[in-house]
Each structure stands twice: as C-alpha cells, then as structure tokens.
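All of these numbers come straight from a predicted model, not from anything done at the bench. All chains are named by letter (A, B, ...) in the order of the sequence lines, taking the proteins before the strands, and each is independently numbered beginning at 1.
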2 protein chains.
Amino acid sequence: MSAVLSLGEVSGRPESRNWLNTIIKGDCVAALEALPDKSVDVIFADPPYNLQLGGELTRPDQSKVDACDDHWDQFASFEVYDAFTRAWLLACRRVLKPNGTIWVIGSYHNIFRVGAIMQDLNFWILNDIVWRKTNPMPNFKGRRFQNAHETMIWASRDANAKAYTFNYEAMKAANEDVQMRSDWLFPICNGGERLKNDDGDKVHPTQKPEALLARVLMSSTRPGDIVLDPFFGTGTTGAVAKRLGRNFVGIEREQDYIDAASARIDAVEPLGATELTVMTGKKAEPRVAFVSLIESGLMKPGTILSDARRRVSAIVRADGTLVSGVEAGSIHKVGARVQGLDACNGWTYWHFDDGQSLKPIDVLRSLIREDMAKAG
Amino acid sequence: MSAVLSLGEVSGRPESRNWLNTIIKGDCVAALEALPDKSVDVIFADPPYNLQLGGELTRPDQSKVDACDDHWDQFASFEVYDAFTRAWLLACRRVLKPNGTIWVIGSYHNIFRVGAIMQDLNFWILNDIVWRKTNPMPNFKGRRFQNAHETMIWASRDANAKAYTFNYEAMKAANEDVQMRSDWLFPICNGGERLKNDDGDKVHPTQKPEALLARVLMSSTRPGDIVLDPFFGTGTTGAVAKRLGRNFVGIEREQDYIDAASARIDAVEPLGATELTVMTGKKAEPRVAFVSLIESGLMKPGTILSDARRRVSAIVRADGTLVSGVEAGSIHKVGARVQGLDACNGWTYWHFDDGQSLKPIDVLRSLIREDMAKAG
DNA sequence: AATCCTACTGAATCGTGGG
DNA sequence: ACCCACGATTCAGTAGGAT
C-alpha cells in the first residue's frame with residue numbers, strides 16, 4: 001500500500017521529503033503547515049463547494065437524487081466558508097515554489113468566493129478553465145439552464161512569477177495544432193473508473209475524471225515535478241501523477257478515502273520516459289546566438305542575407321551583427337528597422353542562398369541545436 | 001433619435017415611467033437612484049472588467065493588439081473596484097422587481113469579485129453561463145491557454161424568489177429538444193454588426209454580440225417586460241430588446257456611446273407578435289380538476305382506468321375520486337400508492353380504453369382546456 | 001449472438017397556490 | 001407563518017437481464 005503519514009510523521013526539513021508520494025492524514029491546513037516552504041511545483045485543489053441544498057430532489061420518475069450532503073461540505077455561512085478558504089489558500093501559498101502554479105476547481109456555489117480570495121492573497125490568475133461535461137445531470141424541475149460545467153482557476157504565485165511551467169506546444173499538438181482553449185470537454189467520472197465499495201455505492205460523492213487531471217498535469221508540470229493535492233479524496237490527482245511520472249503529496253482527513261486512494265494508486269503503472277517526453281516549442285529549446293553560426297563555420301562573415309523576396313539585403317559581420325544600408329545591429333533589430341517595425345524575429349526573416357533557393361537562417365539554427373542535443 | 005434623458009429629467013414617480021425606452025445620461029449609480037423601486041423585470045449588466053494590462057501586446061507579425069485601455073476600465077485597486085461593484089449592484093437590487101433577475105457578464109479579471117459580492121448582497125445565483133467564443137483572440141505569447149470564453153452570472157433577487165421568468169420550453173425547443181445547457185457558443189461581435197466610426201475604428205471596445213443578448217432576453221423575459229442595462233455602451237441590450245418587443249432603459253455616461261446607441265436603436269424594426277410568441281409548457285396552462293371531466297360528461301362514473309400496461313386498474317367514482325383495491329383518493333394519490341411512490345401525475349399515469357387503444361386521461365383534459373380557451 | 005428493454009445514476013443551491 | 005394537495009419535470013451513459 002502507498003505510505004500514509006500521520007501529521008507527526010511529516011518531516012518539515014527540506015532535505016528529508018519523507019512525505020513525497022504519500023498521503024498525509026489530517027486537517028488540510030495543519031498538514032500544509034508541516035510541509036517546508038516553497039517545496040511543491042503545482043497544487044491541485046478540489047475544496048468543498050459549500051452546496052446549499054434545500055430539501056430532497058426527485059427525478060420525474062420520482063426516484064431520489066443522491067445529493068452531496070456530506071458533513072465536510074457544510075458551512076454555517078459565507079463568512080465561515082471564506083475564512084476556511086483563506087486559511088488553506090494561504091497555507092498553500094507558503095508551500096508553493098515561487099514559480100509554481102495552483103489549480104482550484106469549483107462550481108458557481110463557491111468558485112466566485114474562491115477566485116476573489118485568491119486575488120486578494122495576491123495569486124495571479126492565468127486562466128479560468130471551463131470543464132464542459134458531456135453528460136451532466138439534467139435540471140429536473142425545468143427552472144434553470146442545465147448546469148453543464150464546472151470552473152477551474154489556474155494561477156501563479158504572484159503577478160511577477162513569469163517562469164511558471166506551461167507546455168504550450170504539447171497542448172497545441174494535442175489540440176489539432178491549434179492553441180488549447182480555455183473550455184475543455186470531458187465526461188464525468190463514470191463506469192469502471194468510478195470507485196465503488198462492496199455495496200456498489202460510490203466511495204466518494206465527487207470523484208473527478210482522470211482525463212481532467214491528466215490535462216491539468218500535462219499542461220502545467222514536467223516529469224519529476226511535485227504535485228500537491230490538499231483535498232485528496234480518493235486520490236485521482238495521485239493516480240494520474242504517478243502514471244505521468246510526477247510525484248504527489250495528498251492530504252486527506254477521512255480514513256475511507258485514504259484507504260481507497262492508497263489501493264488505487266498502488267495499482268497504477270507509470271508510463272515510460274519516452275511516452276512522457278513533453279513536446280516543446282522553440283521556447284524550451286536552448287537559445288542559439290547568431291554568432292555561433294559563424295563560430296561553427298555554418299555561416300561565413302560577408303555572407304549576404306535577404307528577406308524572402310530579395311527586396312532587402314544585409315551583410316553578415318564577423319561579430320554576429322548585420323549591416324543593411326545605414327542600419328547595423330543584431331539580426332532582429334536590423335530586421336525590424338528595415339521593415340519599420342518595433343520588433344522582428346531575425347531567424348525567420350533573414351534568408352540565405354544555398355545555390356538552389358533562399359532558405360531562412362533558422363534552418364542553420366536547427367543544425368546547431370541538433371549538435372547541442374547530441375552533446376547532451 | 002431615441003430619447004435621451006439627463007439625470008434631472010428622470011421621473012421617479014412609479015406611474016410616470018417617462019424613462020421607458022430611453023437612454024439616461026449620467027453616472028450609473030446616480031441614474032439608478034433616480035428610478036423607482038421594484039420597477040424593472042430584468043437587468044443586464046456589462047460592467048468594466050478592470051483589466052489589469054501591463055505593457056502593450058503585439059501579435060507575432062508585430063502588429064499591435066488594440067487593447068481595452070479606456071479610462072472607464074481603470075481602477076486603483078481591488079478595493080476600489082469592489083466598492084464600485086457593490087454600489088451599482090445594490091442600486092440595481094432596489095430597482096429590480098421582487099421576482100426579477102439580473103445578468104452580469106465578465107471575465108476572470110473581475111467576475112469572481114462580482115460573483116462574491118452578488119452573493120454577499122443576497123442575490124441568489126441561478127446559473128453561471130459560459131459564453132464560448134467561436135473566434136476568440138489567440139494567446140500571442142504562448143504562455144497561457146487561449147482565453148476563449150466569458151462568464152455570465154444569472155441570479156434572482158434572493159433565494160426565496162421562485163417566480164422569476166424562465167422560458168424553459170422555448171429554450172429546450174431552440175436546442176434540438178433537449179435542455180439548454182449552461183455553455184453557449186457564439187461568435188464575437190464583428191462584421192456588419194460591429195459599430196464603426198467614420199475612421200473605421202470600433203466605436204466601443206467591447207461590443208457584445210446581439211445573439212448573446214437575444215438568448216438572454218428570450219430565456220428570462222416576456223414580451224413587454226422592462227430590461228435595464230446600467231452600462232449601456234452602444235446599446236446592444238436596447239437594440240435586441242426593441243427587436244424582441246421588450247422595453248429597455250439604458251444608463252450611459254459617454255456621449256459618443258449614447259449617440260451611436262440611439263441611432264442604432266432607431267434603425268431596429270421590432271418583430272411582430274406572432275414571431276414573439278413564447279413557447280410554453282403545461283405549467284402555464286390552467287388547472288383542471290379531474291371531477292370536471294365527469295361533470296362535462298367526458299368521463300362516466302364507473303369507468304375503469306388502468307396504467308399504460310393494464311397491470312393496475314381503478315374505478316372512477318362520481319365525486320372525481322378513484323378506487324383501486326383498498327386505495328381510494330385523487331387520481332394522483334391512488335396512482336402514487338399503487339406504484340409505491342411518494343407522488344404521481346395521475347393525468348399521465350391513468351389510461352382509458354376508447355374501444356381501439358389505451359389513451360391517457362390527459363387527452364380529455366386537453367379537450368376541457370380547449371373549451372376553456374374558446375370561452376375566453 | 002446481437003439487440004432490446006429496464007433500471008439506475010451523476011457536486012442540484014430545482015414549484016405553486018389555496019387554506 | 002406553516003401545511004398540504006396538485007401535478008410538472010430528465011440527459012447521457014452504464015449495467016444487466018430479456019428477447
């Protein structure tokens with residue numbers, strides 16, 4: 001079974017990390033306070049939604065809807081819920097690395113309060129993501145629109161944390177080569193994935209689908225990252241993290257949920273390194289200085305470069321700068337000046353003649369990068 | 001031109017309503033305070049989003065993105081924005097009829113604060129609606145998911161206000177005969193619908209598509225209702241309200257927007273009554289007592305009724321009650337008892353044999369209702 | 001064997017009107 | 001205010017048994 005730690009067993013010493021890939025049993029805020037500062041890369045939080053349900057709800061066939069009326073979802077007032085929310089978000093903030101990000105999922109019952117508090121605590125919202133359900137529960141009384149989605153807030157630690165992980169190219173490739181949008185379509189957690197106890201009842205009333213977590217982790221973490229889930233429940237976050245080669249830490253109060261999560265995670269087979277290689281765009285690739293083309297002999301000083309239509313030309317100087325008429329400077333700056341623009345990507349703007357046709361100098365950069373990759 | 005009222009011209013006397021189908025020029029809160037209590041059916045509000053833009057944003061081709069950097073979208077802090085939001089929401093609340101509803105649209109920059117404040121002010125959220133854009137602006141820097149949606153909150157005045165308007169049947173009919181979901185797909189406003197000035201520049205930076213407003217008003221208002229828009233802008237709400245046979249009131253500070261809105265609304269041709277007839281369900285039809293079937297001779301005492309499969313039968317008594325075995329009572333109560341359920345719609349459960357087949361007694365109720373309609 | 005029928009279920013702030 | 005009768009209202013999917 002996956003290790004389960006009681007609160008007293010958690011080592012707060014940064015070098016220990018005995019809490020890695022374990023479930024910490026205890027209150028969310030107390031457990032968070034046992035973890036060291038700036039120790040996790042990403043947090044996924046699925047807090048109580050504070051549904052304020054009235055009486056019972058029946059379907060048109062008079063069957064009863066099995067509502068989420070668990071004690072842990074009950075709060076006396078908005079004030080109490082807000083205080084709870086502020087406490088766990090603040091504790092999360094301390095544990096999060098400076099360039100880490102946090103995801104919080106909710107519905108209209110709670111997500112507005114959560115989002116406002118996140119902003120108040122200086123988290124910087126990067127996106128709100130809509131999980132569109134393919135198969136939501138209908139509105140049985142015909143008094144509202146069918147509540148067919150939930151909302152996730154994705155935020156960095158603060159507005160200045162620019163170096164958070166976002167696997168833009170991988171998301172784009174996974175989405176027919178267009179940018180991944182802020183609305184995602186997934187079925188609710190059903191069928192074989194849904195954990196049931198011996199009586200055939202669901203173990204947890206609000207188990208999230210693994211596909212949702214997989215997209216969250218694939219987009220905002222790298223293999224080996226540490227993912228914290230302060231409301232672990234039956235461990236969807238842990239199961240997906242393990243499968244995707246990420247480390248997890250879960251916090252959970254209820255022993256039933258811990259037992260189910262632990263067994264579930266044990267059964268997960270991690271994917272191999274090849275499957276996990278994240279598609280990266282140019283951003284993640286090493287920077288190449290234009291001068292290194294000259295240094296490596298791929299480009300000779302004095303070479304004449306031009307734009308794709310040979311309307312503008314420039315001469316390569318030995319120091320890696322370019323001259324075009326009166327303009328001199330980097331490939332980017334000169335490219336911008338000759339076009340009268342503020343900026344320009346010189347790698348794609350400037351071309352060289354290889355004897356047959358004009359090719360962008362970017363192809364030479366690719367050769368350099370291949371060499372860099374071989375060198376490890 | 002549509003009438004434009006200055007603040008002093010607004011009549012606060014309930015019987016005057018000289019502000020109907022006008023644009024009130026002035027500050028939002030001040031103008032709201034000039035309107036009488038409980039005087040509007042629905043409010044649609046598109047408040048400033050408080051975008052906190054950093055520097056300029058350029059596309060990959062180095063063209064500049066024309067951001068919404070207007071003075072009215074600038075707030076010094078979250079506190080200032082919150083105070084502003086609370087003030088206009090509170091003013092709206094007083095003006096709203098007890099069974100009225102309010103729509104507020106926003107993005108992740110402001111919608112969480114707005115939603116939390118709405119809850120604090122005791123508005124009762126009915127749905128959050130996601131407007132999915134078919135053609136959102138891309139994320140040019142590749143650092144986030146494409147922000148492809150905006151969020152609307154639909155709320156009643158308080159939790160006890162149950163008699164708000166929701167045209168459930170019309171929405172369902174408009175959606176391939178399944179319930180309308182909380183995620184709506186529309187293009188952003190451009191092309192001929194987008195108002196441009198003589199220079200070809202857009203008149204308003206955030207003009208909303210008429211299709212969005214049309215669904216809002218078709219779902220939550222009836223012809224003749226009064227729709228208030230406290231941030232009228234270029235009058236999309238007014239134009240759609242007029243077209244759909246609803247009355248509008250707009251509040252706007254900027255003369256340029258007022259001029260554009262006024263001319264725009266003048267050009268709108270209202271639809272006729274036939275086109276505007278709202279599809280309704282059984283809920284809207286008059287109640288019929290089962291005994292009136294007997295009184296009118298459509299059903300004779302002693303008739304034997306059964307369920308659709310002839311598994312259960314019952315005898316009609318002269319007083320409009322039913323007997324089935326030991327159970328006796330109304331068609332609903334006996335229907336529930338014989339099925340072991342808490343409730344049952346006797347009109348659809350019980351059937352009679354017309355010599356050819358079993359028909360639900362509901363067809364007889366329809367005949368009664370036809371007679372009632374003829375009689376006026 | 002393939003198809004059909006029935007039962008069940010999912011984070012739900014889910015009615016109206018007369019006495 | 002509460003109480004109670006009336007009677008309106010569901011989509012996608014899974015599971016298992018019947019045809």
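A:Glu254 pairs with exactly one of A:His71, A:Lys25, A:His204 by the side-chain hydrogen bond (donor to acceptor under 3.5 Å, both in side chains) rule, that one being A:His71.
Counting non-hydrogen atoms of other residues, nucleotides and ligands closer than 6.0 Å to CD of A:Gln255 gives a total above 12.
Between C:dA11, C:dC14, D:dG7, one nucleotide has an atom nearer to the side chain of B:Ala343 than all others, and that is D:dG7. Minimum atom distance to the side chain of B:Trp347 is reached by D:dA8, of the listed C:dA12, D:dA8, C:dG10. Taking only side-chain atoms of A:Glu150, from C-beta outward, the nucleotide of C:dA11, D:dA8, C:dC14 with the closest atom is C:dA11.
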Atom pairs under 3.5 Å, N or O on each side, protein against nucleotides 17-19 of chain C: can you list them with distances?
none

Could you go through nucleotides 2-7 of chain C and list every protein N or O atom that sits under 3.5 Å from one of its N or O atoms, giving the distance for each pair?
residue : atom : partner  : partner atom : Å
C:dT6   : OP1  : B:Arg309 : NH2          : 2.8

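For DNA chain C, if you chain together Watson-Crick or G-U pairs that step i with j, i+1 with j-1 and so on, the runs of at least three with distances under 3.5 Å are C:2-10 with D:11-19, C:15-19 with D:2-6.
Residue pairs meeting the salt bridge (Lys or Arg N to Asp or Glu O under 4.0 Å) criterion with at least one member in residues 292-311 of chain B, sequence neighbours excluded, are B:Arg310-B:Asp353. Within the structure, salt bridge (Lys or Arg N to Asp or Glu O under 4.0 Å) contacts touching residues 322-337 of chain B (residues at least two apart or in different chains) are B:Glu327-B:Arg337.
Remark: P of C:dA12 and CG of A:Asn110 are 13 Å apart, rounded to the nearest angstrom. The CZ atom of B:Arg337 sits 16 Å away from the C1' atom of D:dG7 (whole-angstrom rounding).
When the nearest nucleotides of DNA chain D are assigned to B:Lys333 and B:Asp362 by heavy-atom distance, the more 5′-ward of the two goes with B:Lys333.
B:His332 has a side-chain polar atom (N or O) that falls below the 4.0 Å cut-off from OP1 or OP2 of D:dG7. Under 4.0 angstrom from either OP1 or OP2 of C:dA12 there lies no side-chain N or O belonging to A:Ser107.
Using a cut-off of 4.0 Å between Lys/Arg side-chain N and Asp/Glu carboxylate O, A:Lys64 and B:Asp342 are scored as salt-bridged. A salt bridge is absent between A:Arg59 and A:Asp61; no separation between the charged side-chain nitrogens and carboxylate oxygens falls under 4.0 Å.
Taking the six-membered ring where tryptophan is involved, the planes of A:Phe232 and A:Phe248 are essentially parallel, since the angle between them stays under 30° and well short of 60°.
Comparing C:dG18 with D:dA8, their P atoms sit 16 Å apart, to the nearest whole Å. Separating the C1' atom of D:dT10 from that of C:dG10 is a span of 12 Å, rounded to the nearest Å.
Residues of residues 115-126 of chain B having a heavy atom closer than 4.0 Å to DNA chain D: none are found. Scanning residues 199-211 of chain A for heavy-atom distances under 4.0 Å to DNA chain C yields A:Lys202, A:Pro205, A:Thr206, A:Lys208.
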**Complete:** Under a 4.0 Å heavy-atom criterion, the protein footprint on nucleotides 9-16 of chain D, written with B, S and -, is BBBSSSS-

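Residue A:Glu252 holds its CD atom at 11.0 Å from CG of A:Asp27, rounded to the nearest 0.5 Å.
By the side-chain contact (heavy atoms from CB on, under 4.5 Å) test, B:Val288 pairs with B:Ser292, B:Leu293, B:Trp347, B:Arg365, B:Ile368, B:Arg369, B:Met372, sequence neighbours left out. For B:Ile315, the side-chain contact (heavy atoms from CB on, under 4.5 Å) partners two or more places apart in sequence, or in a different chain, are B:Ile304. Among residues two or more places apart in sequence or in another chain, the side-chain contact (heavy atoms from CB on, under 4.5 Å) test is passed with A:Phe186 by A:Trp131, A:Trp184, A:Ala211, A:Leu212, A:Arg215.
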Tabulate below the donor-acceptor pairs under 3.5 Å that side-chain atoms of residues 278-287 of chain B make, not counting sequence neighbours, or state none.
residue  : atom : partner  : partner atom : Å
B:Lys282 : NZ   : B:Asp362 : OD2          : 3.0
B:Lys283 : NZ   : A:Lys141 : O            : 3.0

